[in-house]
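Here is the structure we will look at.
So you know, we letter chains A, B, ... as the sequences are listed, proteins then strands, and number each from 1. Everything numeric in this text was worked out from a predicted model, so none of it was measured.
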Protein chains: 2
Amino acid sequence: MSKAEQKKSDSSTEERIKEAARVVFLRKGFAATRTRDIADEAGINLALLNYYFRSKAKLFEIIMTEALSRFVSKIQHVLDDEDTSLEAKISEMANQYIDLLLEEPEIPTFLVTEIRTNPKALNMKFTLAQKIVSSVFFRQYQEAFQQRKVSEVHPLNFMLNLIGLIVFPFIAKPLLMEAVGIETGEFKRVMEQRRKLIPIWLKLMMEGA
Amino acid sequence: MSKAEQKKSDSSTEERIKEAARVVFLRKGFAATRTRDIADEAGINLALLNYYFRSKAKLFEIIMTEALSRFVSKIQHVLDDEDTSLEAKISEMANQYIDLLLEEPEIPTFLVTEIRTNPKALNMKFTLAQKIVSSVFFRQYQEAFQQRKVSEVHPLNFMLNLIGLIVFPFIAKPLLMEAVGIETGEFKRVMEQRRKLIPIWLKLMMEGA
DNA sequence: GTCTATAACGTGATAGAC
DNA sequence: GTCTATCACGTTATAGAC
């Protein structure tokens with residue numbers, strides 16, 4: 001079997017386990033996940049999981065770090081681009097995040113859930129907050145704000161709206177599907193609309209109030 | 001000890017346990033909660049918990065139902081008011097929900113987390129979805145939409161924006177406090193601003209796109 | 001009703017054969 | 001490297017004294 005084939009069809013055992021762990025942890029969270037679930041999902045034995053990764057906690061740590069990292073690094077180059085306007089960055093963020101989340105819709109709820117019970121998971125906090133605060137995006141955002149008349153509106157509102165308009169639908173998705181009867185296809189179409197609407201809405205909100 | 005005193009100071013044992021369960025379940029979720037945590041929080045013995053409520057699952061069921069119920073019924077009379085405009089209802093929803101969530105900020109994340117792993121928890125789905133769909137609010141909302149020119153914007157977007165703008169900050173709160181360094185007082189001030197801004201924003205969004 | 005002690009079970013982790 | 005068998009422990013739930 002060639003290397004390419006191997007990577008595609010079954011990959012290494014270690015990688016298979018990690019992939020299974022990602023699926024199960026993201027769907028059920030750390031506390032509700034049984035290591036046996038991961039072993040089953042990977043199609044291997046429970047002992048093997050501990051052979052490769054010393055413990056459930058270690059394995060989780062890896063998945064958590066990767067999820068956070070993907071969420072942040074995906075848009076870092078966007079935030080740090082000196083040559084694009086604030087508006088362009090907002091559009092690009094909406095695009096990048098909606099792309100990412102259509103592929104992995106569980107990420108937001110996963111992060112929210114795990115940070116709730118274990119805020120120290122954010123020892124990446126310097127990484128995360130500092131990346132944003134030190135970004136070109138943040139500078140442009142502050143400049144735009146100071147140009148407003150007597151803006152008594154707390155700057156945090158803008159951030160909450162930007163992230164919330166993008167992310168909240170994915171958090172509400174299970175509820176939408178179960179209680180409102182929305183289907184996957186319809187949800188996707190709504191998100192494709194939002195991809196274009198969110199930048200427009202944000203502009204209106206900033207100018208209007 | 002008078003009845004009033006009893007109710008205020010220690011209440012009945014059953015009520016104390018239920019109250020403790022609410023606190024712990026809402027903070028940590030079902031899977032991460034140990035019945036011992038609840039017993040400790042209530043200041044009673046573990047056996048007593050099973051004496052009053054047959055099992056952890058039964059006790060959780062009660063808390064879950066009440067949380068969902070509070071979330072829905074709190075605004076039902078608002079939704080069904082024949083005598084107020086759509087705009088007034090939006091303002092009233094923002095007010096009612098922000099009041100509720102400033103008191104109990106854990107509710108949204110709790111519901112999101114538990115519905116994720118157990119969507120059947122929404123066998124109240126008829127109750128919930130039907131209450132909205134059959135409400136005066138929903139009728140007014142559809143009328144407002146049909147008056148738009150060629151509104152190709154999916155109606156779900158409005159609902160997502162209304163709920164998301166209100167609820168998302170509470171979901172993001174732990175992250176804001178840990179990674180961004182927001183304090184409780186500052187968060188409250190932001191929410192007091194949003195109470196007034198959200199109706200304005202929504203109007204702008206509906207008219208603009 | 002409330003407690004202590006303990007049973008019954010599930011889960012994370014390891015030993016040891018292959 | 002991968003498996004089966006099993007341990008060690010934590011957790012839910014119950015029995016039984018008071």
Open item on the list: Using heavy-atom distances to pick each residue's nearest nucleotide on DNA chain C, tell me which of Glu14(B) and Phe30(A) is more 5'.
Closed with: Glu14(B)

Task: Protein-nucleotide distance (Leu46(B), atom CG; dG10(D), atom P), rounded to Å - done: 15 Å

- [ ] State yes or no: are the ring centers of Phe25(A) and Phe110(A) separated by less than 6.0 Å?
- [x] no

- [ ] For atom NZ of Lys74(B), decide whether the heavy atoms of other residues, nucleotides or ligands shown that lie under 6.0 angstrom number more than 12.
- [x] yes

- [ ] Check whether any side-chain nitrogen or oxygen of Asn45(B) sits under 4.0 Å from OP1 or OP2 of dC3(C), and answer yes or no.
- [x] no

Task: Phe53(A) six-ring face occupied by Lys18(A) cation (under 6.0 Å, within 45°) - done: no

- [ ] May I ask you to say what Arg54(B) touches in the nucleic acid, namely base, sugar-phosphate or nothing, with a heavy-atom cut-off under 4.0 Å?
- [x] sugar-phosphate

Open item on the list: Expressed as a whole number of angstroms, how long is the span from Glu15(B):CD to dG1(C):P?
Closed with: 14 Å

Task: Proximity to the side chain of Arg36(A) - top-ranked nucleotide from dA13(D), dT14(C), dG12(C) - done: dG12(C)

Open item on the list: If the cut-off is 4.0 Å, is Tyr52(B) near the phosphate of dT2(C), judged by side-chain N/O to OP1 or OP2?
Closed with: yes

Task: Protein-nucleotide distance (Ile44(A), atom CD1; dA13(C), atom C1'), rounded to Å - done: 14 Å

- [ ] Would you mind telling me which of dG1(C), dA13(C), dG1(D) lies closest to the side-chain atoms of Ser55(A)?
- [x] dA13(C)

TODO: To the nearest Å, give me how far apart CG (Asn50(A)) and C1' (dG12(C)) are.
DONE: 7 Å

Open item on the list: Rounded to whole Å, how long is the line connecting atom CD1 of Ile38(B) with atom P of dA13(D)?
Closed with: 10 Å

Task: Side-chain heavy atoms of Arg194(A) within contact of Pro169(A), under 4.5 Å - done: yes

TODO: Establish, with yes or no, whether the OP1 or OP2 oxygen of dT11(C) is under 4.0 angstrom from a side-chain nitrogen or oxygen of Thr35(A).
DONE: no

Task: Spacing between Phe53(B) atom CZ and dT14(D) atom P, to the nearest angstrom - done: 15 Å

Task: Whole-Å distance separating the CG atom of Asp37(B) from the C1' atom of dG10(D) - done: 12 Å

Open item on the list: Students often get this wrong, so: under 4.0 angstrom with heavy atoms, is Leu49(B) touching a base, only sugar-phosphate, or nothing?
Closed with: nothing

Open item on the list: dT2(C), OP1 or OP2 - any side-chain N/O from Thr13(B) closer than 4.0 Å?
Closed with: yes

TODO: Report the nucleotide, chosen from dA13(C), dC3(C), dT14(D), that has the shortest atom-to-atom distance to any side-chain atom of Lys56(A).
DONE: dA13(C)

Open item on the list: Can you confirm whether Arg54(A) is buried at CZ, in the sense that more than 12 heavy atoms of other residues, nucleotides or ligands lie under 6.0 Å from that atom?
Closed with: no

- [ ] Could you tell me whether the side chain of Arg34(B) has a donor or acceptor atom within less than 3.5 Å of a complementary atom in the base of dG10(D)?
- [x] no

Open item on the list: If I take atom OH in residue Tyr51(A) and atom P in nucleotide dA17(C), what distance separates them, rounded to the nearest angstrom?
Closed with: 17 Å

